[in-house]
Amino acid sequence: MAETSKKMQIVFASAECAPFVKTGGLGDVAGSLPAALVRAGAEVIVMVPKYATIKDEYKAQMEHFADFYVSLGWRNEYCGLEKLEHDGVTYMFIDNQRYFARDYPYGFFDDGERFAFFSKAITESLQHLPEGFECDILHCNDWQTALAPVFLREFYQGLPLYDRVKTVFSIHNVAFQGQFSDTVMEDILGVAHIPAAASQLRCDACSINYMLGALRYADAITTVSPTYANEIQTPEFGEGLDGVLRERSYALQGILNGIDVAGFDPATDKRIAANYTVEDRSGKAVCKAKLQEELGLEVRDDRPLMVMVTRLTRQKGMDLVMYALDRILAGGVQVAVLGTGDRDYEDGLRYFQDKYPGTMAARIEFDPALSQRMYAAADMFLMPSKFEPCGLSQIIAMRYGTLPIVRETGGLKDTVIPYNEFTGEGTGFSFSNFNGDEMGDAVFRAARLFWDNRDAWNQLVTQAMSQDFSWTRSADKYLDLYFFMHPEIERPAGVTDVAAVDEPAAAEAEPAATVKEPAAAEEPKAEEKPAAKAEVKPDAKPAAKKTTARKTTAKKATTTKAAASKTSAAKATTAKASTTRKRTTAAAKKAAEAEVAPKVKAEPAAKAPAKTAAKKTTASKTTTAKKTTATKSTTTKAATTKAAAKTTPKAAAKPAVKVEEAPSEPKAKAAVEAKPTAKTTTRRRATTTAKKATTKAAAPKAEAKAEEKPAVKAEPAPKAAEVKTTPKAKAKAEPAKEAPVSPATPAEEKAPTKKTSVRKATATRKRH
């Protein structure tokens with residue numbers, strides 16, 4: 001029974017969270033996704049360590065909410081909860097000065113202990129949340145919170161408050177796993193005496209892996225893009241965890257990140273020098289001039305300004321930057337870099353700043369406000385990552401009209417469309433290989449466009465700024481996962497509506513994939529038929545008469561359409577009758593009539609009157625009496641099949657073996673191919689088996705004719721339908737070519753005379 005009054009209540013745990021502390025993409029996600037979840041109707045509490053680096057203005061707003069002690073191995077550590085409401089989201093800062101009162105979030109010898117404490121404090125604090133907040137989902141992010149699902153299962157499972165908690169673990173970068181000596185197993189984690197935990201945390205003889213624990217203990221695993229979810233299951237990208245990720249692939253999915261479009265909006269951002277919009281970008285020029293002045297660069301609008309806001313690591317492509325920077329700076333491109341990281345890269349950037357004063361600026365620090373000014377002021381944003389799970393910087397850059405230059409990997413490849421100089425398409429520039437020269441070439445492709453074709457450049461900026469970067473769809477997919485894990489909680493109507501809007505779009509994008517649900521759509525499809533007919537009538541005949549090849553293809557096309565829509569199936573089958581009419585004698589059709597007669601009797605032609613009057617007249621004028629009878633016969637098959645099984649017209653012309661293979665869909669595919677295959681059969685085969693067909697045809701022939709007369713062929717409309725459906729359906733219909741396996745099939749579908757065989761053979765040559 002659904003809990004109608006309860007909202008989905010989520011604790012979102014992260015080692016960093018914008019705007020309080022941010023070193024990379026994780027901070028942006030933790031700063032944006034919870035707010036999107038709140039807007040979608042959930043209740044969210046975000047848990048973050050209370051670092052000393054958090055600005056005093058935020059610390060002043062925090063109120064002491066609770067304090068308790070956390071057992072960590074043999075020690076009991078103080079834990080305070082400091083509460084802060086910000087932009088509709090509740091934040092709880094985990095306070096322990098010994099662990100978190102430091103100048104930087106990570107990179108210390110005791111990180112294993114610090115974040116083991118953070119994980120344990122998260123699980124312990126679920127008992128100390130505001131009244132009425134009972135955690136349904138504990139959503140942990142990266143290795144710093146990876147032990148929370150382990151602690152929850154081993155130390156808290158069975159307690160009433162914790163029984164309802166489901167855990168989700170998100171991988172933002174599988175390269176950072178939290179590997180430490182196994183001495184922490186008992187000394188800090190206190191799980192050495194629990195065989196299941198000890199074995200599942202261990203990654204080799206003397207090490208344990210925090211992320212490995214989460215991958216084995218969490219109820220669901222997500223990562224930040226669908227492509228990356230596939231990549232990390234391979235040895236190339238899995239960083240040693242590909243094996244366990246393949247084992248748990250059923251619990252793994254990729255959900256592409258977005259950005260907070262309200263927070264990152266050049267039209268309203270108060271952190272930048274001047275606001276601007278996609279229609280009026282004059283403010284961007286002001287931002288550029290102000291930043292050049294602030295960083296000590298030459299204030300010139302005729303030089304492209306390229307920036308990087310990044311961690312200074314090999315993963316972020318700093319090797320390529322060090323290699324190509326001389327060439328880029330000497331070529332007249334201004335460069336500004338903001339970030340901290342490996343000492344070698346920091347020193348290298350300082351060297352280039354000294355070598356190219358006025359052209360190069362390096363800011364080796366963490367400054368979110370400056371990063372914002374750089375996004376807004378720059379012309380280009382460089383992101384040459386060795387690998388990139390999703391990446392947010394390139395998305396933020398596009399939002400501010402700064403064109404990204406990226407390496408084609410992971411989320412960078414998914415989000416940046418490379419510029420096409422011939423069509424003008426694109427939202428940035430890209431290069432394929434992890435190679436400094438290729439990166440330099442990409443930078444100068446962008447710079448040359450900036451210098452030589454400012455109109456094309458401006459159009460590219462417009463396209464980049466017009467992309468949809470919102471978190472709405474991503475948040476909805478996370479909610480899909482949460483509600484799947486808690487089916488007893490009723491999903492708010494507003495949230496469901498958001499999901500419903502997205503699903504039809506996906507369905508429209510892949511119509512051919514919806515072949516397998518014919519029965520449910522029976523009546524609606526019948527109602528649609530008149531409209532479809534009216535639309536396609538005018539140009540149907542010319543299209544069908546002009547090319548035999550098109551007719552053949554269209555026959556294949558009708559197979560797929562038949563499964564999706566009964567109307568299309570009936571029309572397309574009728575069209576087949578008319579396209580082959582001029583090559584086939586009446587005698588050839590009578591054999592087919594004999595086979596289908598029982599089906600015609602069993603199902604009265606109830607739906608035929610909808611198609612009769614006008615087309616009957618056309619048929620009389622254009623064909624001989626014999627041909628009319630034959631065509632009517634085939635048309636009746638289409639009409640009756642629409643009510644019965646959608647596929648019988650050609651299947652019925654086959655021996656009983658095929659008819660007995662009951663499933664309507666496969667039969668349709670095989671059936672539509674039957675006629676073309678039969679036509680290519682040799683004359684000798686047709687002649688030798690003709691007598692059998694004649695014998696079968698004799699008895700029920702008159703009966704079939706009597707039943708068939710009410711339904712008259714729908715000649716014009718189907719042909720246009722055939723032509724329209726050809727591109728999608730052709731691929732689906734191909735496998736059916738092997739369908740007619742019985743030797744009797746060609747004869748039963750052909751004329752019982754030699755003369756007919758000769759005519760058909762001639763027609764076949766013409767067609768091919």
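Numbering of residues begins at 1 and proceeds along the displayed sequence. From a predicted model like this one, the values you see are computed outputs, not experimental measurements.
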What is the minimum heavy-atom distance between [X] and [Y], and which atoms define it?
{"X": "Gly411", "Y": "Gln394", "result": "O-NE2, 3.9 Å"}
{"X": "Ser371", "Y": "Pro368", "result": "OG-O, 2.6 Å"}
{"X": "Thr53", "Y": "Asp103", "result": "CG2-O, 3.0 Å"}
{"X": "Gln9", "Y": "Gly132", "result": "NE2-O, 3.0 Å"}
{"X": "Ala148", "Y": "Leu138", "result": "CB-CD2, 4.2 Å"}

- Task: For salt bridge (charged side-chain N to carboxylate O under 4.0 Å, His left out), just list the numbers for Arg491 and Asp480, CA-CA rounded to whole Å, side-chain angles, deciding distance to a tenth of an Å, and then say yes or no.
- Result: CA-CA 9 Å; Arg491 189 163 185 173; Asp480 286 342; 2.5 Å; yes
Any side-chain heavy atom of [X] within less than 4.5 Å of one from [Y]?
{"X": "Val307", "Y": "Val337", "result": "no"}
{"X": "Phe20", "Y": "Lys50", "result": "no"}
{"X": "Phe115", "Y": "Tyr106", "result": "yes"}
{"X": "Glu16", "Y": "Val48", "result": "no"}
{"X": "Phe118", "Y": "Thr145", "result": "yes"}
{"X": "Ile208", "Y": "Gln179", "result": "no"}
{"X": "Arg202", "Y": "Ser207", "result": "no"}
{"X": "Leu84", "Y": "Glu63", "result": "no"}

Answer yes if the side chains of [X] and [Y] hold a donor-acceptor pair under 3.5 Å, and no otherwise.
{"X": "Asn173", "Y": "Glu388", "answer": "no"}
{"X": "Glu124", "Y": "Tyr156", "answer": "yes"}
{"X": "Thr340", "Y": "Glu346", "answer": "no"}
{"X": "Asn209", "Y": "Gln177", "answer": "yes"}
{"X": "Thr90", "Y": "Glu85", "answer": "yes"}
{"X": "Ser119", "Y": "Tyr210", "answer": "no"}
{"X": "Thr227", "Y": "Ser225", "answer": "no"}
{"X": "Ser14", "Y": "Asn141", "answer": "no"}

- Query: Ring centroid separation for His139 and Tyr478, is it under 6.0 angstrom?
  - Reply: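 Yes: the rings meet the under 6.0 Å criterion.
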- Message: Looking only at the aromatic ring of each residue, does the gap between the centers of Phe180 and Trp143 stay below 6.0 angstrom?
- Response: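 Centroid separation for Trp143 and Phe180: below 6.0 Å.
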Is it true that [X] and [Y] make a salt bridge, defined as a side-chain N closer than 4.0 Å to a carboxylate O?
{"X": "Asp269", "Y": "Arg373", "result": "no"}
{"X": "Arg75", "Y": "Asp187", "result": "yes"}
{"X": "Lys6", "Y": "Asp136", "result": "yes"}
{"X": "Arg114", "Y": "Glu77", "result": "no"}
{"X": "Arg246", "Y": "Asp242", "result": "yes"}

With distance as the sole test, does [X] use its side chain to make a donor-acceptor pair with the main-chain N or O of [Y] at under 3.5 Å?
{"X": "Thr167", "Y": "Asp219", "result": "yes"}
{"X": "Arg311", "Y": "Gly341", "result": "no"}
{"X": "Trp471", "Y": "Ala36", "result": "no"}
{"X": "Asn96", "Y": "Cys79", "result": "no"}
{"X": "Thr402", "Y": "Met398", "result": "no"}
{"X": "Gln315", "Y": "Phe387", "result": "yes"}

How many angstroms lie between atom [atom1] of [X] and atom [atom2] of [Y], to the nearest 0.5 angstrom?
{"X": "Met185", "Y": "Ile194", "atom1": "CE", "atom2": "CD1", "value": "10.5 Å"}
{"X": "Leu159", "Y": "Arg164", "atom1": "CG", "atom2": "CZ", "value": "14.5 Å"}
{"X": "Leu481", "Y": "Lys166", "atom1": "CG", "atom2": "NZ", "value": "11.5 Å"}

Got a sec: does the [atom1] of [X] have more than 12 other heavy atoms crowding it under 6.0 Å?
{"X": "Gln97", "atom1": "CD", "result": "no"}
{"X": "Tyr69", "atom1": "OH", "result": "no"}
{"X": "Lys413", "atom1": "NZ", "result": "no"}
{"X": "Asp204", "atom1": "CG", "result": "yes"}
{"X": "Lys55", "atom1": "NZ", "result": "no"}

- Query: Partners of Asp265 by salt bridge (Lys or Arg N to Asp or Glu O under 4.0 Å), sequence neighbours excluded?
  - Reply: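 Partners of Asp265 under the salt bridge (Lys or Arg N to Asp or Glu O under 4.0 Å) test: Arg399.
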- Task: Name all pairs fulfilling the salt bridge (charged side-chain N to carboxylate O under 4.0 Å, His left out) condition that reach into residues 25-35, sequence neighbours left out, sorted by first residue then second.
- Result: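 Found Lys22-Asp28.
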- Arg153 and Arg216: side-chain contact (heavy atoms from CB on, under 4.5 Å), yes or no, with the steps? CA-CA 11 Å; Arg153 178 90 60 86; Arg216 288 184 162 145; over 6 Å; no
- Derivation and outcome, side-chain contact (heavy atoms from CB on, under 4.5 Å), residues Glu82 and Tyr91: CA-CA 8 Å; Glu82 305 292 323; Tyr91 294 88; over 6 Å; no
- Query: Which class fits the ring pair Tyr58 and His86: parallel under 30°, tilted 30 to 60°, perpendicular over 60°?
  - Reply: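 Aromatic pair Tyr58/His86 classed perpendicular.
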